[in-house]
Amino acid sequence: MKRILQLCLYCVILAIPTVLNAEELGQTWWGHWNTSMPLEQTAAVSAGTTVCGIRLTTANAQLVDGTVHGVRFWLADKSVVSRAYVWLSVKQFAGDAADVAVREISLDALKDQLHDGEPTVALLDAPVSILPSTNRYASVYVGYTLETTAASKLMAAGPQTRVGSNTCFVDWNNQEAVCGPLALQLLVSGSNIPTVGMALGPLAETIVMAGQTLTLPSLLTNGGSAPVESVDCQVTIDGVSQPVQHFSFSTPLTELGYSAGQDIQIALPAEAKAYDCQVSVTQVNGQPNQSAQASQTVRLIALSQRPVKRTVMEELTGTWCPNCPRGLVGLQLLEEQFADRFVGIAIHGGDSKEPMRVDAYDGSAFVRGVASRMGGRPSCSFDRMADGDPYWGIGNGPHFGADKVVGWLLNEPCVADVEVAAAWSDDQPTVVSCDVATTFRYSSETDDHYALVMVLTADSLTGSGTDWVQINGLSGKTNLDADLDLFTQGPRRMSVKFNHVAIAVAGVENGISGSVSAPFRDGEPQHFSFDFDTEGNALVQSADYLHAVAMLLDTRSGQVVNVAKCDVETQVQNIDVERSTFNVQRSTSTYDLGGRRVAPGGALPKKGPYLSGNGKKVLY
């Protein structure tokens with residue numbers, strides 16, 4: 001027992017910051033907030049004692065085994081302050097008996113934004129050691145306390161900083177998403193803070209054209225004690241280094257954590273493939289960079305040509321949903337504006353009585369996730385990359401704005417062309433046979449993180465009974481777009497024909513296994529055949545209004561890379577096709593969807609869609 005008590009006491013001692021003497025060399029101001037950020041006033045707190053602080057833990061790696069020499073903070077109005085002091089405490093601090101250090105500030109030494117435009121600086125009587133590396137659970141609170149005669153405002157990076165009961169404690173590790181950083185900084189030094197250090201932020205995988213020069217945005221952050229005036233950057237692709245790039249900052253990065261954006265130029269080789277590119281900050285102020293995050297590796301996908309990009313919107317809707325009529329209009333407007341470059345899918349559900357519900361789709365984790373994030377229906381996902389509203393787009397309306405989202409996504413680069421053809425099977429009358437051609441525009445031996453999602457949709461669906469009647473919550477509403485007149489001027493319950501309705505789906509979550517495989521070669525299509533058996537599917541009301549949709553899914557990110565849609569044809573019908581997409585020649589031969597000749601007029605390898613010599617898609 002005695003040994004256990006000694007061990008516990010030892011851990012407690014390690015967790016408590018100690019007062020010690022520290023060298024002046026290498027001191028710098030550090031904070032989750034820095035002077036490059038905006039400075040705003042928060043809502044006022046009432047008169048009395050106001051405590052503002054932050055909690056530091058060993059997750060703040062630069063401060064481990066560090067030393068605090070002082071504190072500075074930005075004050076709104078000093079005229080209402082009757083007392084002020086800064087402090088360090090092991091426990092969350094509420095009184096004036098901090099267990100580590102307290103430094104009283106005379107009223108004459110106070111600075112504020114209203115009168116001085118400067119921060120209040122308070123140096124500690126003796127520097128304090130914090131966050132010992134021997135205790136990974138070590139933590140410490142640092143902050144300031146004001147006693148005011150009237151209501152006062154605090155200073156932060158935005159009014160969203162949480163203030164309640166005259167107490168504002170902010171965890172610098174986890175607070176960014178919920179409140180703005182408190183305008184408070186520490187004068188620190190330590191072995192984990194080099195003299196010159198510039199950290200390079202993470203770089204996202206980027207799609208670029210082969211043989212071109214890429215302008216890659218990057219974030220550079222001062223990780224040292226010295227102000228940064230210039231840096232040198234080195235780019236290396238597959239072991240080949242490119243010329244050093246030198247950048248000077250008109251405003252030096254004076255504080256630890258002070259960041260600046262910088263565009264780095266990268267020259268891509270001519271071969272269409274994926275490259276591993278290393279970007280390094282080699283020198284800072286003409287001296288070797290001492291940062292542990294001086295380099296980042298980014299994957300660059302170099303394309304031989306830009307694929308034809310289309311965008312899909314998967315909409316969550318239902319006949320029972322009073323606000324869903326705007327989604328019906330949104331789908332129609334987007335299809336009119338973008339033609340075949342937009343694919344709309346209406347996923348009916350949210351209620352067990354919904355007559356057009358497909359369990360596999362509506363019950364999927366994907367649909368549940370969109371509904372949860374958006375608060376129900378109508379809602380949608382654009383390319384499974386951005387959630388929004390099928391009419392408003394991103395935001396809360398009230399005007400049509402989904403076209404802005406689609407237009408933006410259509411300009412995003414993608415890695416592959418996708419085409420689909422579908423026809424009723426001769427041998428099995430209830431089966432719709434689909435053929436999908438996926439043509440990557442780069443070569444890869446290992447990129448096996450793609451798969452296809454297949455959807456069968458129907459237009460002009462109608463039915464009898466109250467469940468088929470669309471509840472119209474827009475009825476009688478005013479000051480809405482004229483596009484919605486059909487519903488604002490219509491009755492509360494409306495009989496409509498439903499379009500874009502998903503009536504069958506496969507691979508909705510992660511795509512169909514084996515539908516796309518690696519390795520693949522630039523410009524060489526790979527084919528995937530898939531059959532929808534519609535026997536017993538009551539939503540197949542007419543063979544003339546069915547469509548097949550193929551979505552190419554990146555299974556790592558869950559985003560839709562590209563999409564294609566086609567009518568379900570009978571054997572005697574042809575489908576026009578852009579000959580430039582398939583690059584076929586006119587002849588009497590027959591080609592597969594990738595443009596490869598499969599028969600010079602003789603027997604075909606199997607039934608399905610092919611290209612004839614005149615550039616038409618034909619189903620045999």
Side-chain angles (χ1 to χ4, degrees), residues 8-22 27 29-33 42 45 48-75 81-106 109-110 119-148 152 154-156 161-175 179 181-190 256:
C8 292
L9 179 61
Y10 177 69
C11 292
V12 170
I13 292 172
L14 287 177
I16 299 176
T18 57
V19 178
L20 48 76
N21 294 320
Q27 295 181 18
W29 289 106
W30 178 85
H32 192 67
W33 178 90
T42 68
V45 294
T49 301
T50 300
V51 181
C52 298
I54 50 87
R55 178 173 177 259
L56 307 178
T57 71
T58 52
N60 304 111
Q62 290 171 308
L63 302 188
V64 173
D65 290 327
T67 301
V68 178
H69 302 267
V71 180
R72 70 178 179 182
F73 60 93
W74 279 254
L75 182 64
V81 178
S82 58
R83 186 188 178 199
Y85 50 94
V86 298
W87 45 263
L88 281 81
S89 180
V90 170
K91 299 179 180 179
Q92 184 165 313
F93 184 61
D96 58 0
D99 49 20
V100 177
V102 176
R103 177 72 163 82
E104 189 91 13
I105 305 170
S106 69
L110 280 180
T120 295
V121 178
L123 299 180
L124 301 178
D125 293 330
V128 175
S129 173
I130 61 171
L131 306 181
S133 57
T134 52
N135 179 15
R136 63 175 179 167
Y137 302 109
S139 66
V140 63
Y141 290 89
V142 184
Y144 63 90
T145 297
L146 304 175
E147 295 180 7
T148 61
S152 61
L154 307 178
M155 302 302 298
T161 299
R162 288 181 175 178
V163 179
S165 303
N166 289 69
T167 301
C168 178
F169 278 99
V170 180
D171 182 344
W172 279 0
N173 301 314
N174 304 312
Q175 58 75 46
C179 58
L182 188 65
L184 179 147
Q185 291 183 314
L186 316 179
L187 185 61
V188 295
S189 65
L256 195 66

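Because the structure is predicted, anything quoted here is derived from the model rather than measured. This chain uses plain numbering: 1 for the first residue, then up along the sequence.
Side-chain atoms of Asn166 and Thr49, non-hydrogen and from C-beta on, never get closer than 4.5 Å to each other. Within the 4.5 Å cutoff, no side-chain heavy atoms of Cys52 are placed close to those of Leu184. Using a 4.5 Å heavy-atom cutoff, the side chains of Leu56 and Leu186 are in contact. A 4.5 Å side-chain heavy-atom check between Gln62 and Leu256 finds at least one atom pair inside the cut-off. Ile130 has its side chain out of reach of Val100: every pair of non-hydrogen atoms, C-beta onward, lies at least 4.5 Å apart.
To the nearest 0.5 Å, atoms CG (Leu75) and CD1 (Ile105) are separated by 9.0 Å. Within the model, atoms CZ of Arg83 and OG1 of Thr148 stand 13.0 Å from one another, a figure rounded to the nearest 0.5 Å. Note that CD1 of Ile54 and OH of Tyr141 are 10.0 Å apart. Values are rounded to the nearest 0.5 Å. Considering CG of Leu146 and CG of Leu154, their distance stands at 7.5 Å, rounded to 0.5 Å. Atom OG1 of Thr120 and atom CH2 of Trp74 lie 9.5 Å apart (nearest 0.5 Å). Between Asn60 atom CG and Leu131 atom CG the span is 7.0 Å, to the nearest 0.5 Å.
Between Leu124 and Val68, the shortest heavy-atom distance links the atoms CD1-O, 3.6 Å. Ala156 and Thr42 make their closest contact through CB-CG2, 4.0 Å (heavy atoms, listed as atom of the first residue, atom of the second, distance). The two atoms that bring Val86 and Ala122 nearest to each other are CG2-CB, 3.8 Å, heavy atoms only. A pairwise comparison of heavy atoms in Thr57 and Arg55 identifies CG2-NH1, 3.4 Å as the closest pair. Pro132 and Thr58 get closest at one heavy-atom pair: O-CG2, 4.4 Å. When all heavy atoms are compared, the tightest approach of Pro119 to Arg72 is CG-CD, 4.2 Å.
In this view, Trp29 satisfies the ring pair (Phe, Tyr, Trp, His ring centres under 6.0 Å) rule with no residue, not counting sequence neighbours. With sequence neighbours excluded, the residues forming a side-chain hydrogen bond (donor to acceptor under 3.5 Å, both in side chains) with Ser133 are Asp65, listed by chain and number.
A ring-ring contact (aromatic ring centres under 6.0 Å, His included) with Phe73 is found for exactly one of Tyr85, Trp33, Trp87, Tyr144, namely Tyr144.
Put simply, the side chain of Ser82 gets close to the backbone of Glu147: a donor and an acceptor are under 3.5 Å apart.
Annotation: salt bridge (charged side-chain N to carboxylate O under 4.0 Å, His left out) contacts involving residues 120-140, sequence neighbours excluded, comprise Arg103-Asp125.
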